[in-house]
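A, B, ... follow the sequence lines: proteins, then strands. Residue 1 opens every chain. Bear in mind the structure is a predicted one, so any value in this text is a computation, not a measurement. Just the heavy atoms: all of them, side chains too, but no hydrogens, waters or symmetry mates, feed the values below.
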Amino acid sequence: MRTIPRLLAALVAAPVFAQAAPQSTPLRVDINAGLMQPMPIAVPAFAPGNGGNTDAGTTTALGERAAQVIANDLKSSGLFRPLDPAAFTTTVGLDDVLKPDFGAWRTIAAQALVTGTVSANPDGGITLACYAYDVFAGTEIARQGFVTTAAGWRRAAHKCADLVYARLTGESGYFDSRIVYISETGPRTKRIKRLAIMDQDGAQHRFLTSGQNLVLTPRFAPGQQTITYMSFENNRPRVWLYTLGSGRQDAVGEFNGMSFAPRFSPDGQHLIFSMAVGGNTDIWRYTIATRQMTRLTTGPGIDTSPSYSPDGSRIVFESDRGGSQQVYVMNADGSGQSRISFGEGRSASPVWSPRGDYIAFTRIGGGRFGIGVMRPDGGGERLLTNGYQDESPSWSPNGRVILFARSDRGGRSGLWSVDISGLNERRIATPLDASDPAWSPLLP
Amino acid sequence: MEAAPQDAAAAAPSEAAPAPEPVKADAVPPPEPVKPKPVKPNAAPTKAPPSPLDTSSLASLIDKSLPKAPKKTLDTSKLAKELNTAAPKTATVDPRAAATLAQAIRAQVAPCWNPPVGGRDVRRMTVLVRVQYGRDGRVIGMPDAGTPSGMTAANADYARAFAETARRAVLRCQPLKLPAELYDLWSSVEINFDPEEMT
């Protein structure tokens, strides 16, 4: 009981008073642990702001669907437990959006309430108004309206979920974001791999390439509109850029060697990747504006999978120069290379967290692949997953969740996510097998 | 915000929907026209879960999740007895009485505390909440959550959310069940919330 000595000291030091007199020194209580439980939250259907109709449905229907998207987002974080609407003791009309009946929400133990309205605008678009309340304090804690096209209602709902998540956790949200990955189908010897993209919650899934050429390791540019990836056109691996919107695909430069594992710098000005030249694979930096190539590593061995720190000052990468695959860090100009992984087995495909505090990597050992994290100095290593084959980690925009590919012994593969605490492992549904996921930055 | 091209599923298969343009929500208040009448049943809610103050459920929560929490502090009769023995007829407070009271308050409030663990700065943050309790054990007014220790300009949003979880714990877990005869000792309480044992 660590509180007793403290209390003793306080009471001995301060003169104590008669019981009848009001206490002048407050009683001191120390609470050193609480419960780790998802917060119960109520997300009733958003009220129709007007009786309008839109191309995407009536405002009533959109209000119901928006609430479902928001509740699903919050639930998927593992930090919230949306309450079953069947338990609600009140509906939410227009009046209640601004003046909720807190007593009614307290009776079902909702700690927070998300309400709002969906209105049809004269131009055919919608306005989604989002309000969040602290039920026990009886106070409004956030409000924001979002004007968009009717078809964009999902993004408005994700933005509302991000607002609520950010306000209640104090960290930025990640729901209005997308995932690009490699969709796989067909037998192992004749596997068809296509670039595919979807919203973070699996909605609005689309294929970006036809499957004619093998594609690998897609990564978003910071600006969201470009994806870099590897494609084996004419059986030659090269780095490509895919421009979203136009669907245009461009090969990056004409290099002598085969290039792999491209990734953008945080400012979008450079690509880093590995390139095999004369039997030696090293990390290279390509400056997009000047088309200048700079070699960052030179030693023997395979150096690959480079990833920038969020401030662009350092690069983490994988190298087998010491005899087995391990994780190394260097300055952005290639100087100061040092090994940071010293755990059991091999460590591969490192990725720097967008908030800078951790590096995610794939741990290979004992016939298994798991996802782990370590600090940039190599300390604090923790394994978050332990599947048969978990690999290709990618961070959520807020650095709180890691997306990865999981394969089973039968060769089936899919996308999963896990919280940085190692909790809340979840599968993200894809139409076909899936690998090599990359999480986009938060959409603007 | 720019109006990006429309996300027509077929036309631009790879384009995201246009960015929703943030507006102040109060600029778009719910307008008048249709006002669906809310149904507010007078009767007690049918599915109301047990009150957070159900001491038996509290005890079970404590047993499972707070291994270091004292297991018998919710027996208020026993507590009162202990306290009376500890601080019977003197004008001063026996430190043991204060410690036992603090223990009882901790056992009743901690199960309602759901700190945002996993945040970048959670290990370094604590917050002191000042609470006034009425004789019925209910919180008077709004508990005053101070500035969390370890708060910086960079983590101010997290610090605010952190402090609110502490305030919410105090508001959810009331009224306290404490010996009325010792009310003067617990009318004013400072609770320091520190997730050190959770990280």
Fill in: Exam field: side chain A:N32 to backbone B:E196, donor-acceptor pair closer than 3.5 Å
no

Worksheet entry | Closest heavy-atom pair and its distance - A:R167, B:A161 | O-CB, 3.9 Å

Practice prompt. Name the region of A:T60, side chain, backbone, both or neither, that has any atom closer than 4.5 Å to a heavy atom of chain B.
Written response: neither

Fill in: Minimum side-chain heavy-atom gap A:I31-B:I191 below 4.5 Å
yes

Practice prompt. Select one option (side chain, backbone, both, neither) describing which atoms of A:A104 are under 4.5 Å from chain B's heavy atoms.
Written response: neither

Response to the item:
For B:A110 and A:A33 the tightest heavy-atom approach is CB-O, 3.7 Å

Discussion item. Quick check for you: to the nearest 0.5 Å, what is the distance between A:L27 atom CG and B:I105 atom CD1?
Written reply: 5.0 Å

Practice prompt. Could you grab the distance from atom CG of B:L128 to atom CZ of A:R28, nearest 0.5 Å is fine?
Written response: 5.5 Å

Practice prompt. Would you give the length of the straight line joining atom CG of A:L168 to atom CD of B:E164, rounded to the nearest 0.5 angstrom?
Written response: 7.5 Å

Fill in: Shortest non-hydrogen contact between B:N114 and A:Q37, atoms and distance
ND2-O, 2.5 Å

Worksheet item: Quick one: does B:R172's side chain get under 4.5 Å of A:V135's, heavy atoms only?
Response: no

Practice prompt. Inspect the surroundings of CG in A:D55 and state if more than 12 heavy atoms from other residues, nucleotides or ligands are less than 6.0 Å away.
Written response: no

Worksheet entry | Part of A:D134 lying under 4.5 Å from any heavy atom of chain B | side chain

Discussion item. So does A:D30 get a backbone contact from the side chain of B:R106, meaning a donor-acceptor N/O pair under 3.5 Å?
Written reply: yes

Worksheet item: Which atom pair, heavy atoms only, marks the closest approach of A:L35 to B:P115?
Response: O-CD, 3.8 Å

